[in-house]
Amino acid sequence: MIKVDPNLCKGCDLCIEVCPQKVYENSSKLNKKGVYLPCPKREKDCTKCHLCELICPDQAITVEDDKMGNEGDESND
Amino acid sequence: MKYLRKDRLPNIFCPGCGNGTILNSFFRGMESEGIDLKEIAMVSGIGCSSRIPGYVKCDSLHTTHGRAISFATGLKVGNPDLNVVVFTGDGDAASIGGNHLIHAARRNINLTVICINNTIYGMTGGQISPTSPEGSIGTTAPYGTRDKPFNLSELVVAAGASYVARWTTIQPLQLSNSIKKALNNPGFSFVEVVSQCPTYFGRKNKLRTPVDMVKSFKENAINKRKADKLIADGKEDELIGKIIVGEFINKKRAEFSDNVCNLSKQQCGEEHATKSAYLSKLEY
Amino acid sequence: MTKELFVQGNEACAHGAIKAGCRFFGGYPITPSTEIAEDLAILLPKHGGSFVQMEDEISAIGAVIGASWSGMKAMTSTSGPGFSLMQENIGYAQITETPLVIVDVQRGSPSTGQPTMAAQGDMMQMRWGSHGDYEPIAISPSSVQEFFDFTVEAFNLSEKYRVPVIIAADEIIGHMREKIIIPHEVEITPRKMPKETPEDFLPFKPTKNHIPEYIPAFGEGYNVHVTGLTHDERGYPDASSPKAHSKLVTRLCDKILKNREKIVATETKFCDDADIIIASYGAPIRSVSAAVSLARDEGLKVGYIKINTPWPFPEKQLEEIAEIANDIVVVEMNLGQMVHEVERIAKDNAKVHFIPKIGGNLHKPEEILSKIKEIKKI
């Protein structure tokens with residue numbers, strides 16, 4: 001599950017740029033500050049690499065790991 | 001997110017500013033080193049990057065322009081148990097605070113300095129800095145700067161730091177790995193992050209969006225080993241406009257606050273005093 | 001055990017610092033204050049403390065502020081040129097309410113001036129040196145014993161009022177040797193850790209007499225954000241609100257001004273029946289007291305007031321002097337600094353005269369006596 005917090009996102013599009021799976025797309029949806037929010041349109045392609053979360057300068061993105069999933073991800077590096 | 005003062009968000013940084021990415025990478029490095037935020041105290045000077053500690057749920061000193069490292073020196077020597085991290089920028093650390101930077105490196109005091117090098121003065125509206133590339137445009141260099149920029153990582157290595165690495169904001173994984181190593185290094189650690197200021201550097205220098213800026217980092221980043229080989233082969237010219245990334249030094253040596261504590265131990269036979277301001281009676 | 005020492009003023013200051021609980025010194029060598037650093041380099045490690053020689057005076061006071069937030073009583077010492085460099089961070093210590101002590105052993109100035117000669121030319125810089133509105137505390141010793149005593153007092157005042165306290169010494173007091181008595185125990189003011197939990201604690205909320213009395217040391221879990229920006233009671237920046245700024249800066253000044261009577265210290269001699277009273281501080285007091293004895297020997301009704309705390313200025317005490325005397329003579333080693341304060345307070349109640357002195361020599365008692373005679377038209 002990918003969540004983009006509309007109150008924190010400033011629309012820099014870095015998540016769209018860095019995602020290796022091209023999950024994100026620019027949406028036509030404006031938040032209350034007049035920012036076009038990124039939309040995780042191809043969420044099914046997400047490999048939970050968390051790169052978008054890491055690059056997001058405004059801590060607006062949360063990528064939730066599957067319940068069964070990759071909790072050990074952090075210890076691998 | 002759990003490390004941030006939620007009541008202060010959203011942060012003041014412009015859309016696409018590298019500061020937030022670097023902060024995320026810091027937390028990732030900290031977690032993978034197994035460090036609790038409770039052990040950390042942050043110190044910063046003046047500038048956009050120096051606003052970072054104000055958003056983090058830990059003790060922090062937001063000090064005067066250029067002086068963060070000197071405040072951090074007192075904090076660390078006063079209580080060596082604190083894990084002291086300095087967030088600074090290129091103007092703060094290399095221009096007004098250049099002297100403190102080289103002396104802290106010389107002392108090899110156990111601080112982790114994260115220098116966010118966006119090659120411009122962002123807070124004041126886009127003046128050139130000591131790291132602005134030759135030819136780049138700033139409000140105080142409307143015809144392009146002709147000054148030679150500092151190579152900060154090389155400077156700090158020469159001054160005596162025991163861990164130095166440089167990355168860009170498009171390499172957040174490598175960056176967090178270096179931050180992890182820097183936090184682990186018992187000595188002066190300097191992590192330089194070449195970062196984007198889309199508002200004041202990008203717009204004036206034909207890199208209009210944050211994405212344009214990080215793409216240019218990606219294209220121009222070259223690993224230190226490769227760069228060293230080019231230099232050895234006499235092909236230094238190929239490095240013009242490139243950003244050399246990687247580790248510049250990782251070599252332990254005697255640390256400053258240890259030396260101070262050991263001297264106390266030697267001279268008075270007891271542990272170095274900490275938090276003694278709270279005592280109502282001290283042995284003379 | 002009480003100890004007797006025959007030492008110079010700078011050494012007495014170093015002993016006072018240790019006795020007061022100072023366990024951190026950050027400094028940079030400068031004549032005529034260097035012996036304070038040298039002595040603390042010997043003494044601090046023997047008492048579990050830290051001595052750090054910094055790269056300049058800017059970083060010296062920076063390190064002292066950092067050490068203070070680590071939970072240490074901390075100080076630096078300097079002279080005019082170094083004191084000038086410290087001004088920005090003195091303002092930082094003011095707005096962040098950081099307790100610390102700065103010793104300024106004054107020398108001939110401006111600029112490099114006379115490194116080895118005495119002066120009192122920094123008095124107004126102590127008052128106004130950093131930018132903006134603030135109220136400093138400065139205390140001025142006139143003997144080697146006082147340099148010891150006032151150093152202890154400086155630490156206590158800095159903890160009580162959460163301000164940087166300046167010791168306004170001079171080259172004469174710094175380098176003069178006298179016998180001093182170091183008492184077995186001195187009264188020291190310990191810092192107070194907050195009682196509330198971190199969730200309920202507001203680090204910059206005044207709790208008593210406009211002072212936020214509790215300072216959590218870094219590392220205690222209080223997550224204090226200390227900033228030189230205008231901030232609210234939580235410590236969070238609030239730099240564009242006229243209301244927040246006015247509230248903070250007014251309180252910072254009130255914390256000293258409304259507690260003025262608890263801070264100021266003066267001593268008077270032969271003032272009750274005097275028609276001429278001499279006002280002075282620091283080394284010149286020694287000539288003043290000699291001059292007053294000479295005047296009294298000649299049957300002249302002369303007294304003096306010794307100002308131990310030039311800042312905050314002892315207004316009420318000087319008002320009283322102006323009511324007793326017809327004439328006040330200000331004696332200080334500059335071309336006129338504290339004399340303006342005396343004039344401001346004396347108004348029309350007494351005529352204010354001034355004996356300036358620069359160059360490094362102390363006023364001679366005879367010079368002061370001849371001024372007295374000139375006023376008396378003898």
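Letters go in sequence order (proteins before strands), and every chain restarts at 1.
- If you tally non-hydrogen atom pairs under 4.5 Å between each of L263(B), T63(B), N79(B) and chain C, the highest count goes to T63(B).
- For chain C, the nearby part of L82(B) is the side chain; its heavy atoms alone come within less than 4.5 Å.
- For the set E88(C), M193(C), R234(C), the count of heavy-atom pairs under 4.5 angstrom toward chain B peaks at M193(C).
- In terms of heavy atoms, I188(C) sits closest to L279(B) at CD1-O, 4.0 Å.
- Ranked by non-hydrogen atom pairs under 4.5 Å with chain B, the options E159(C), R191(C), E187(C) are led by R191(C).
- Smallest separation of non-hydrogen atoms from F256(B) and V52(C): CZ-CG1, 3.7 Å.
- Near-neighbour residues of residues 86-98 of chain B relative to chain C, defined by a heavy atom under 4.5 Å from a heavy atom of that chain, are none.
- Nearest heavy-atom pair across F218(C) and A41(B) is CD2-CB, 3.9 Å.
- To the nearest 0.5 Å, atom CZ of residue R5(B) and atom CG of residue N223(C) are 6.0 Å apart.
- Note: F71(B) and Y92(C) have perpendicular aromatic rings, judged against thresholds of 30 and 60 degrees for the angle between ring planes.
- Here the closest non-hydrogen pair linking E185(C) and K281(B) is OE2-CE, 3.3 Å.
- For E220(C), the parts sitting under 4.5 Å from any heavy atom of chain B are the backbone and the side chain alike.
- Note: T64(B) leads T64(B), V260(B), T73(B) in heavy-atom pairs under 4.5 Å with chain C.
- Counting heavy-atom pairs closer than 4.5 Å to chain B, the top-ranked of the candidates P99(C), S59(C), G228(C) is S59(C).
- Within the 4.5 angstrom heavy-atom criterion, atoms from both the backbone and the side chain of V224(C) approach chain B.
- If you measure heavy-atom distances from I61(C) to chain B, you find no contacts under 4.5 Å at all.
- Looking at R51(B), only its side chain comes within 4.5 Å of chain C, counting heavy atoms on both sides.
- Chosen from H100(B), K38(B), H103(B), the residue pairing most often with chain C at heavy-atom distances under 4.5 Å is H100(B).
- With hydrogens and angles disregarded, no donor-acceptor distance shorter than 3.5 Å links the side chain of S276(B) to the backbone of M72(C).
- Remark: F27(B) CZ is packed, more than 12 non-hydrogen atoms of other residues, nucleotides or ligands lying under 6.0 Å away.
- More than 12 heavy atoms of other residues, nucleotides or ligands lie within 6.0 Å of CD in E196(C), so this atom counts as buried by the packing criterion.
- Taking the side chain as every heavy atom from C-beta outward, L44(C) and Q267(B) never approach each other to under 4.5 Å.
- Taking H272(B), Q266(B), M42(B) one by one and counting their heavy-atom pairs under 4.5 Å with chain C, the maximum is reached by H272(B).
- With values rounded to the nearest 0.5 angstrom, T227(C) atom OG1 is found 6.5 Å from I46(B) atom CD1.
- Both the sub-6.0 Å distance and the 45° axial angle are satisfied by R8(B) relative to the ring of Y236(C).
- The line from CZ of R23(C) to OG1 of T274(B) is 12.0 Å long, rounded to the nearest 0.5 Å.
- No more than 12 heavy atoms of other residues, nucleotides or ligands lie within 6.0 Å of NZ in K195(C), so this atom counts as exposed by the packing criterion.
- The choice from V186(C), I215(C), T96(C), N89(C) that makes the most heavy-atom pairs within less than 4.5 Å of chain B is N89(C).
- Salt bridge annotation for E55(C)-R106(B): absent, with no cationic side-chain nitrogen under 4.0 angstrom from a carboxylate oxygen.
- The greatest number of non-hydrogen atom pairs below 4.5 Å with chain C, out of C268(B), S60(B), A104(B), is found for S60(B).
- Surrounding CG of D133(C) are at most 12 heavy atoms belonging to other residues, nucleotides or ligands under 6.0 Å away.
- A pairwise comparison of heavy atoms in G78(B) and S70(C) identifies CA-OG, 3.2 Å as the closest pair.
- Contact record, G54(B) with H225(C): CA-CE1, 3.4 Å, taken as the closest heavy-atom pair.
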